[in-house]
Amino acid sequence: MSLDLSSTSNDFTGKATAPVRARIAPSPTGDPHVGTAYIGLLNYVFAQQRGGAFVLRIEDTDRTRFVSTSEQMIFDSLRWVGLQWNEGPDVGGPYGPYRQSERTEIYREYCQILLDNGSAYRAFETAEELDAERKAQMAAKQAPKYAGPSRNYTPEQAAEALAAGKPYTIRLKVPDGDKGPGIASTTFTDELRGEITFDHNNVDDQVLLKSDGFPTYHLANVVDDHLMRITDVIRAEEWISSTPKHVLLYRAFGWELPRFWHMPLLRNIDKSKISKRKNPVSLIYYRQAGFLPQAMLNFLGLMGGGMAQPTEQEIVSQGLDTKLADLFSLADMFERFDFKRISLGGPVFDLVKLKWLNGEYLRRLSADELFAALRTTVLSDDYLRSIVPLVQTRMETLGQFGDLTGFFFADDVMPPMDVFLPKKRTLEETMEFAVNMLAALEACDWTVEAMDAALRGLLEAAGWSVKEAFMLLRAVLTGRTASPPLLESLEVFGKARSIDRLRRFIEAQKKIAALAGRNK
RNA sequence: GGCGUUAUGGUGUAACUGGUUAACACGUCGCCCUCUCAAGGCGAAGAGUCCGGGUUCGAGCCCCGGUAACGCUACCA
């Protein structure tokens, strides 16, 4: 792949006049995340409002977390909520490839520039050495920070280590924090917060190129954003702390900075960053559980504000229904969403309001449309067809189909204690096992074989019988002691919803236990 | 621990460049409708704007100092 390196410093005509280009850059490490949809929506709206382009880039540089089925799920889920990208791996575009694993040559070449101009250096410390150093620093109550000898190697020393074939990473050489104004700190502008400054003493020498030859997020992201002419980086707040590293990189390359917009982080009910431990975060889940994409989109649009509410005057003078202020479409967002109005407190992703919204949209459907929606989701031919073989030998009349398969169509089942609690187990033991089961299944491929292996491994380690373990899981999934084959049912019901059901069971039991504790 | 960000009812948001009893939606509760449950209609409770100072005739909005929550602190993104 050939690069025109000569044009890198002044081909960027300036952000004031450059056409707006925004992007979403998910990593294919698992199920598509609501946070990705949220940031994606914001980028999409931003670009659309300014007549710009919206780019989808796949950041698959972490080979250890890579999940092969993830990328397609991301495409499908993002399209499902209604996002459309102008450029991306699946639709092409003038600045491709849009998959970072296909751009490794590019990163290596740009890394060489950094090496040549002294902005980066080769670091020969092993992962074990770094680990030990970090632990020592933590034990000594110091901020863990890279301080390996490689940073100060003479050219001869570096050449020697290189010649000896020692594996290395390439690190960013952050200017020394004590060397006076101008290089002691980095200041950048966050479009929503104003200027933010980081002292270089608090900015670590970030690894740019890993020893496996793949770039880290920081390098790949900056190089790609520049090469893809991204003008506005709209991303989650968690990236604020690493923005100085990115700014340093832009400067080292002599590139113009994009604008940075850091969006508030979606939160669990307890205000922590939204996570699958405490909330369904997979878009697959919401689709399978029967949320409408326009409701999801509307709900995400509500997070963090941005949509101007009608003023009291408008409500009175135009006789507006105030409830309608919360209901809006993508087109409405293009028209009225104002990025400067975004409120910076992390919004709680509240399922209750999402459900209300979804209900509003459901009620606005005609009976035919509702029927059609049902037939493409919870009552689709595919779904029904996959359920049928599980109950064929168990039916005497077709009318019994509903009795045998009800749990497949229920939003929630909650087994009473006499159903889920094994006779020889205490409640504590049982709940501990359930928690372990949840973890095992979360980490498991969703096939009968994989689940069987995971479950059997778990129950052996815990000293549970196959019968006890499967009966507990059956109770949680179906609410009963008799059911179609368990693992096959799990497979058909889907990972996202099965996991959610298990999680809800555990949460509910915790609440009950807490309540009982309080009444004692 | 260090650094950074944020802070309005239980939740999401309003409140023009400081100006009367802090508004809307969700949720909760009550009433009406009704064979039930929803939906729908009507109504109520719920914050004095994280805390403490300051400026001002007047502060949720400005200033100073705290506190708390969250994020980052990886050869993950």
Side-chain angles (χ1 to χ4, degrees), chain A residues 25-30 33 35-36 59-66 100 123 125-128 130-131 134 137-146 167-171 185 190 192-194 196-204 206-221 235-245 262 264-274 299-315 320-327 341-357 359-360 362-363:
Chain A
S27 288
T29 54
H33 199 278
T36 305
E59 309 221 328
D60 54 350
T61 57
D62 184 354
R63 72 208 191 293
T64 61
R65 290 204 304 156
F66 180 73
Q100 291 186 329
E125 290 75 20
T126 64
E128 292 74 41
L130 293 172
D131 218 40
R134 193 177 308 117
Q137 288 171 331
M138 303 259 275
K141 298 225 170 193
Q142 289 176 319
K145 197 181 173 196
Y146 171 80
Y168 62 89
T169 60
I170 294 179
R171 284 179 181 266
S185 65
D190 177 286
L192 299 178
R193 289 160 246 259
I196 299 177
T197 298
F198 283 84
D199 191 301
H200 286 168
N201 286 320
N202 299 315
V203 183
D204 211 359
Q206 183 58 233
V207 170
L208 302 175
L209 205 67
K210 303 180 240 183
S211 52
D212 65 359
F214 276 82
T216 57
Y217 168 89
H218 308 279
L219 200 236
N221 194 264
R235 66 194 350 175
E237 192 182 359
E238 56 188 333
W239 292 107
I240 291 178
S241 325
S242 39
T243 303
K245 294 170 184 173
H262 291 100
L265 231 32
L266 263 24
R267 308 292 180 93
N268 298 312
I269 318 89
D270 64 2
K271 299 275 187 181
S272 56
K273 169 175 151 181
I274 194 167
F299 180 64
L300 291 175
L302 239 23
M303 300 282 89
M307 281 297 270
Q309 285 196 345
T311 63
E312 283 179 68
Q313 276 187 332
E314 285 170 331
I315 292 169
L320 294 177
D321 181 344
T322 49
K323 185 163 78 178
L324 262 31
D326 274 352
L327 297 183
R341 287 186 66 95
I342 285 178
S343 76
L344 269 8
V348 171
F349 190 91
D350 182 6
L351 273 319
V352 176
K353 184 130 184 182
L354 206 210
K355 276 190 189 164
W356 167 77
L357 258 178
E360 286 292 319
L362 247 23
R363 268 167 243 132

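Side chains included, hydrogens not; waters and symmetry mates left out as well; all remaining heavy atoms used. In what follows, chains carry the letters A, B, and so on, assigned in the order in which the sequence lines appear, proteins first and then strands, with residues in each chain numbered from 1.
With a cut-off of 3.5 Å on both Watson-Crick or G-U wobble distances, the partner of A45(B) is given as none. Partner assigned to A14(B) is none, using Watson-Crick or G-U wobble distances below 3.5 angstrom. Of the nucleotides present, A68(B) is the one that pairs with U6(B) by Watson-Crick or G-U wobble criteria, both distances under 3.5 Å. Nucleotide U36(B) is matched to nothing when pairs are restricted to Watson-Crick or G-U wobble geometry with both distances under 3.5 angstrom. G27(B): no Watson-Crick or G-U partner with both key distances under 3.5 Å is found in any strand. In this structure, C75(B) forms no base pair with any nucleotide, since neither Watson-Crick nor G-U wobble geometry is met with both distances under 3.5 Å. Base pairing of C57(B) is made with G19(B), judged by Watson-Crick or G-U wobble geometry with both donor-acceptor distances under 3.5 Å.
Listed nucleotides: A77(B), C75(B), G71(B). Nearest to the side chain of V207(A): C75(B). Closest to the side chain of S211(A), out of C70(B), A39(B), C75(B), is C75(B). In this structure, of C75(B), A14(B), C3(B), it is C3(B) that holds the atom nearest to the side chain of F198(A). Of the candidate nucleotides C75(B), G12(B), G71(B), G71(B) has the atom lying nearest to any side-chain atom of L265(A). In this structure, the nucleotide among A69(B), C75(B), A15(B) sitting nearest to the side chain of R341(A) is A15(B). Among A77(B), U5(B), A39(B), the nucleotide with an atom closest to any side-chain atom of I240(A) is U5(B). If you check C75(B), U5(B), A77(B) against the side chain of R193(A), the one that comes closest is U5(B). In this structure, the nucleotide among U5(B), A77(B), C3(B) sitting nearest to the side chain of E237(A) is U5(B). Considering only the side chain of R267(A), C70(B) comes nearest among C26(B), A77(B), C70(B). Out of G71(B), C3(B), A25(B), the shortest distance to the side chain of N202(A) is found at C3(B).
Remark: L344(A) CG to L192(A) CG distance equals 6.0 Å, nearest 0.5 Å. Rounded to the nearest 0.5 Å, atoms CG (D190(A)) and OG1 (T243(A)) are 7.5 Å apart. With rounding to the nearest 0.5 Å, the separation of CG in L354(A) from CE in M303(A) is 8.5 Å. Separating the OG1 atom in T197(A) from the CG atom in N202(A) is a distance of 12.0 Å, to the nearest 0.5 Å.
Rounding to whole angstrom units, CG of residue D326(A) and P of U13(B) are separated by 11 Å. Put simply, CG on D199(A) is 18 Å from P on U73(B), counting in whole angstrom units. The CG atom of D190(A) sits 15 Å away from the P atom of G4(B) (whole-angstrom rounding). Computed from coordinates, the K245(A) NZ to C72(B) P distance equals 12 Å when rounded to whole Å. Taking atom CG of residue D204(A) and atom C1' of nucleotide G1(B), one finds them 16 Å apart after rounding to whole Å. Taking atom CH2 of residue W239(A) and atom C1' of nucleotide A77(B), one finds them 4 Å apart after rounding to whole Å. Counting to the nearest Å, the C1' atom of A74(B) and the CZ atom of F214(A) are 18 Å from each other. Distance, L324(A) CG to G40(B) P: 12 Å, rounded to whole Å.
Along RNA chain B, the nucleotide closest to L344(A) and the one closest to V348(A) are compared, and the more 5′ of them pairs with L344(A). In terms of position on RNA chain B, the residue among M307(A) and I196(A) whose nearest nucleotide sits closer to the 5' end is I196(A).
Across all strands shown, T36(A) has no heavy atoms under 4.0 Å from either base or sugar-phosphate atoms. S272(A) comes within 4.0 angstrom of the backbone, heavy atoms only, and of no base. Counting non-hydrogen atoms under 4.0 angstrom, E360(A) reaches the backbone sugars and phosphates but no base. Nucleic acid contact class of T61(A) (heavy atoms, under 4.0 Å, all strands): sugar-phosphate only.
With C1' as the reference atom, C35(B) and U8(B) are 45 Å apart, rounded to whole Å. U20(B) and U5(B) are spaced 35 Å apart, taking the C1' atom of each and rounding to whole Å. A gap of 15 Å separates the C1' atoms of C76(B) and G71(B), to the nearest Å. Separating the P atom of A7(B) from that of C50(B) is a span of 9 Å, rounded to the nearest Å. For C29(B) and G9(B), the C1' atoms lie 15 Å apart once the distance is rounded to whole Å. When the P atom is used for both C62(B) and A44(B), the distance is 33 Å, rounded to whole Å. Atom name C1', nucleotides A68(B) and A45(B): the rounded distance is 28 Å, in whole Å. C63(B) sits 29 Å from C72(B) when the P atoms are compared, rounded to a whole Å.
Remark: the S241(A) side chain and the C3(B) base include no donor-acceptor N/O pair separated by less than 3.5 Å.
Contact between K273(A) and N268(A) at its shortest, heavy atoms only, is O-ND2, 3.0 Å.
Seen from the ring of Y146(A), R171(A) counts as a face-on cation partner, given the 6.0 Å and 45° thresholds.
Side-chain nitrogen and oxygen atoms of K210(A) include at least one within less than 4.0 Å of the OP1 or OP2 phosphate oxygen of A77(B). Put simply, K353(A) has no side-chain N or O that comes within less than 4.0 Å of OP1 or OP2 on G10(B).
Looking at heavy atoms from C-beta onward, I240(A) lies in side-chain contact with I196(A) at the 4.5 angstrom threshold.
By the 4.0 Å N-to-carboxylate-O rule, D350(A) lies too far from K353(A) to be salt-bridged with it.
Below 30°, between 30° and 60°, or above 60°: for W239(A) and Y217(A) the angle between ring planes is below 30°, a parallel geometry.
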